[in-house]
Peer 1: 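The following block contains the structure, expressed as structure tokens.
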Amino acid sequence: MNEQSEARENRLVLAHLFLAMAALTVGAALGLLQALSRAGWMSLPRWFDYYRILTAHGVLNALVFTTFFICGLATLMTYRAIPRSRSLVVGWLAFWVMLLGTVMAAHAILSGKASVLYTFYAPLKASPLFYIGTTLLVVGTWIVLADLAGNALWLSRNRPGERLPLVVHGSVTTFVMWFIATLGVAAEMLFFLIPWSLGWTPTVNVMLTRILFWYFGHPLVYFWIMGAYLVWYNILPQFYHGRIFSDALTRLVFLLLLLLSTPVGLHHEFLEPGIAAGWKWLHTMTTYGVVIPSIMTAFAVFASFEMAARRAGVRGLFRTIAWLPWTNPAFAGPAFGMILFIFGGLGGVVNASYAMDTLVHNTMWIVGHFHVTVGAPVALTFLGISYWMIPRLLGTTLWAPKLALAQTWTWFVGMGIMSTAMHWAGLLGSPRRTDNVAYFGSTVAAAWMPQVHWAAIGGIILLLSMLLFVIVMVGTLRMPRTQSQPMTFASPEEEAMAPAPVLDHIGRWAAVAIALALLAYAGPIHELLEAHAYGAAGMRTW
Amino acid sequence: MHRAERRWLQAGIATLIAFLALIGVAALHDDIVPPSHVETIDPTRVAETPPFDKPGLRQTGPHSYEAYIVAHIFSFDPAHLTVPAGARVTFYATSPDVVHGFFIPGTAVNMMVVPGWVSSATHTFRRAGTYLMLCNEYCGAGHHFMYGAIDVR
């Protein structure tokens, strides 16, 4: 494997990562505008209204940033773990398809033709450009899966008897899970929304599109989490001279996420008509099931910390915590993310708890929840690990590591303030996705306005943090490209037992995952179809 | 599997089972379930379809009421209700246009209102006061104007 072909691969990975960061930066700036408008501290012009910005913020940060970053990360892990000379045609094709889709959707949103938010609930009817663009973004990721799976197959064919490297196992499993999940949104787009927005079909079955969306919508968040887990398991231990707690456990965690991420989506639809309570109860139970791989991950990550500390002669809870490399921004970012994820996990259990969701559904609590999940553990992990990955991909060193460390701190503090305020406002009843939540002097609304103001303060700190990140990245890009540092991944602790080969048959696990998804959804979808619901014509209400 | 890992997992899974059991008891014993009304309605004929042709409050017993609400862009019809303290109100809501939300902060009345379907939830208003009722699902440019009030006397 020569340096030249590695550099070619690095350019593909960098393209994904920089696009992800650009999307996050623009999205974060739009997020601050929302927070300020909602707090009543500024008013947005009609040509750049709150809901257009909200749609762009959601699409850019939740879909574009995460998807491009995870594609870059998984591609990098797979390519480095399977060194060989390979064609990058498939990889670049995926990138350009995703970029084309993103540009189409962004154009539709910014020109005001698609203020339908990132959940695009019918019968809000956006421009076909928006639906086709987002579909292309998804189709591009399928090409990434083909590339990753192709490399894994090459390994098994050309190196018989060699285990699938842990990072390849995790990357491929993440994308197989993603593929199964995206079938739902692809069906929603191709069979319903695209023909309807083009005027080929007069009406759309609203509840069917919603159930297809949420079939995809929850595993979407596990796609983000699995991207963060890939980093926590395989990269982070190197920063504290540690090892991965267990090879077999890591594989099992990813396989459990493959099995359990999809059959849970109805917990987003607890408050909807047309779905019997029994189905909602079934999905409550399966949602609790998908907590288990996260409990396992919490153990594995903390055990890895502790075992490394003990090898270094450090014992005790507080001494171990203090011993960790908190001055390394590539460690501090993900570690701060883990701290916030504790609250993300606890809040998630509340949301999944059946009728308890009635108290928080569509309130700011939910917005607080996903800002301490995707906005903290995922974003902080991706930003933090960029301080390690980007210089290595460029062949240089990180510019201003102290500034990078300040970025992780400010994000942690800003997100802590903002999400706490959002959770609190939600408990008091403040709705999400709503511009002016003061309700023209309502006394009920007066109770939550202080929290709305605190959320805006958190948002200001977050945008400053985002700017610090951009400054560090620009500085790093301007550093001389002389140093070539190797890109390595952590190795597992020595184990008495070799992991069972059954853990490597991802295809068989995928078949079980599809069966579970069918079992969870066949009943409610059958009942919806039996109900012969009236179609809705759709309209543009913005 | 490591002993500490096994204990950790056992404790975690036991907690999840305990939570599920609590939710199950609350659902079966106290009937605390999410609103899951299954009833269809032609969204193009809401204005002609009883009882939504005459939206509003009906008394059905000494302390019980039914409220029929049409949620449309960008208001509730009716936008104002008055009930006595102690009234047990069952809300029925539907939409002739896009998806809306129907939420009364401070109560457990929170449901999605989907065109083509009728949603329902029940609440007993024990304390007097003015309650806000608002749309908590984005429905368009005037979404934040979509609210009303319930006076409990």
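A, B, ... follow the sequence lines: proteins, then strands. Residue 1 opens every chain. Note that the coordinates shown come from a computational prediction; the quantities given were computed from them, not determined experimentally.
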Peer 1: So, taking the atom named CE in A:M207 and the one named CE in B:M112, what distance separates them when rounded to the nearest 0.5 Å?
Peer 2: 9.0 Å

Peer 1: Measure distances from A:W448 to the heavy atoms of chain B and classify the residue's part below 4.5 Å as side chain, backbone, both or neither.
Peer 2: side chain

Peer 1: Most heavy-atom pairs under 4.5 angstrom with chain A, which of B:I41, B:T130, B:V114, B:D42?
Peer 2: B:D42

Peer 1: Taking side chain as everything from C-beta outward and backbone as N, CA, C, O, which of these in A:A447 sits under 4.5 Å from a heavy atom of chain B? Side chain, backbone, both or neither.
Peer 2: neither

Peer 1: Heavy-atom pairs under 4.5 Å with chain A: which of B:D97, B:V118, B:V113, B:V109 has the most?
Peer 2: B:D97

Peer 1: Please state whether the side chain, the backbone, both or neither of A:T434 comes within less than 4.5 Å of a heavy atom of chain B.
Peer 2: both

Peer 1: Using heavy-atom distances under 4.5 Å, tell me whether B:A4 contacts chain A through its side chain, its backbone, both, or neither.
Peer 2: both

Peer 1: Side chain from CB out, backbone as N, CA, C, O: work out which of these in A:V349 comes under 4.5 Å of a heavy atom of chain B, or both, or neither.
Peer 2: side chain

Peer 1: For the interface with chain A, which of B:A26, B:C139, B:P35 has the highest count of heavy-atom pairs at distances below 4.5 Å?
Peer 2: B:P35

Peer 1: Non-hydrogen atoms of chain B under 4.5 Å away: do they reach the side chain of A:L124, the backbone, both or neither?
Peer 2: both

Peer 1: Against chain B, work out which of A:I292, A:V206, A:V444, A:I295 has the most heavy-atom pairs shorter than 4.5 Å and name it.
Peer 2: A:I295

Peer 1: Looking at OG1 of A:T119 and OH of B:Y138, how far apart are the two atoms once the value is rounded to the nearest 0.5 Å?
Peer 2: 10.0 Å

Peer 1: Classify the angle between the aromatic ring planes of B:H2 and A:F299 as parallel (below 30°), tilted (30 to 60°) or perpendicular (above 60°).
Peer 2: tilted

Peer 1: When rounded to the nearest 0.5 angstrom, what distance separates OG in A:S442 from OH in B:Y131?
Peer 2: 13.0 Å

Peer 1: Working to the nearest 0.5 Å, report the span between CD1 of B:I73 and CH2 of A:W542.
Peer 2: 11.0 Å

Peer 1: Which of residues 43-56 of chain A have a heavy atom under 4.5 Å from any heavy atom of chain B?
Peer 2: A:Y51

Peer 1: Taking A:H361's backbone N and O only, do any of them form a donor-acceptor pair with B:N110's side chain (distance below 3.5 Å, no angle check)?
Peer 2: yes

Peer 1: In Å, rounded to the nearest 0.5 Å, how long is the span from NE2 of B:H143 to OG of A:S115?
Peer 2: 13.0 Å

Peer 1: Examine whether an atom of B:T44 lies under 4.5 Å from a heavy atom of chain A, and if so say whether it belongs to the side chain, the backbone or both; otherwise answer neither.
Peer 2: neither

Peer 1: Which one of B:E5, B:H37, B:E39 has the most heavy-atom pairs closer than 4.5 Å to chain A?
Peer 2: B:E5

Peer 1: Which bit of A:Y121 is near chain B, if near means a heavy-atom gap under 4.5 Å: side chain, backbone, both or neither?
Peer 2: side chain

Peer 1: For a side-chain contact (heavy atoms from CB on, under 4.5 Å) check, start with the C-alpha distance between A:N362 and B:F103, then their side-chain angles and the critical distance, and finish with the verdict.
Peer 2: CA-CA 9 Å; A:N362 271 359; B:F103 178 41; over 6 Å; no

Peer 1: So what's closer than 4.5 Å to chain B heavy atoms on A:R540: side chain, backbone, both or neither?
Peer 2: neither

Peer 1: Among B:L20, B:I32, B:L22, single out the residue with the greatest number of heavy-atom pairs under 4.5 Å to chain A.
Peer 2: B:L20

Peer 1: Search all heavy atoms of B:P34 against all heavy atoms of A:A355 and return the closest pair with its distance.
Peer 2: N-CB, 3.8 Å

Peer 1: Select one option (side chain, backbone, both, neither) describing which atoms of B:S120 are under 4.5 Å from chain A's heavy atoms.
Peer 2: neither

Peer 1: Could you tell me which of B:L9, B:T40, B:I23, B:I17 has the largest number of non-hydrogen atom pairs under 4.5 Å with chain A?
Peer 2: B:I23

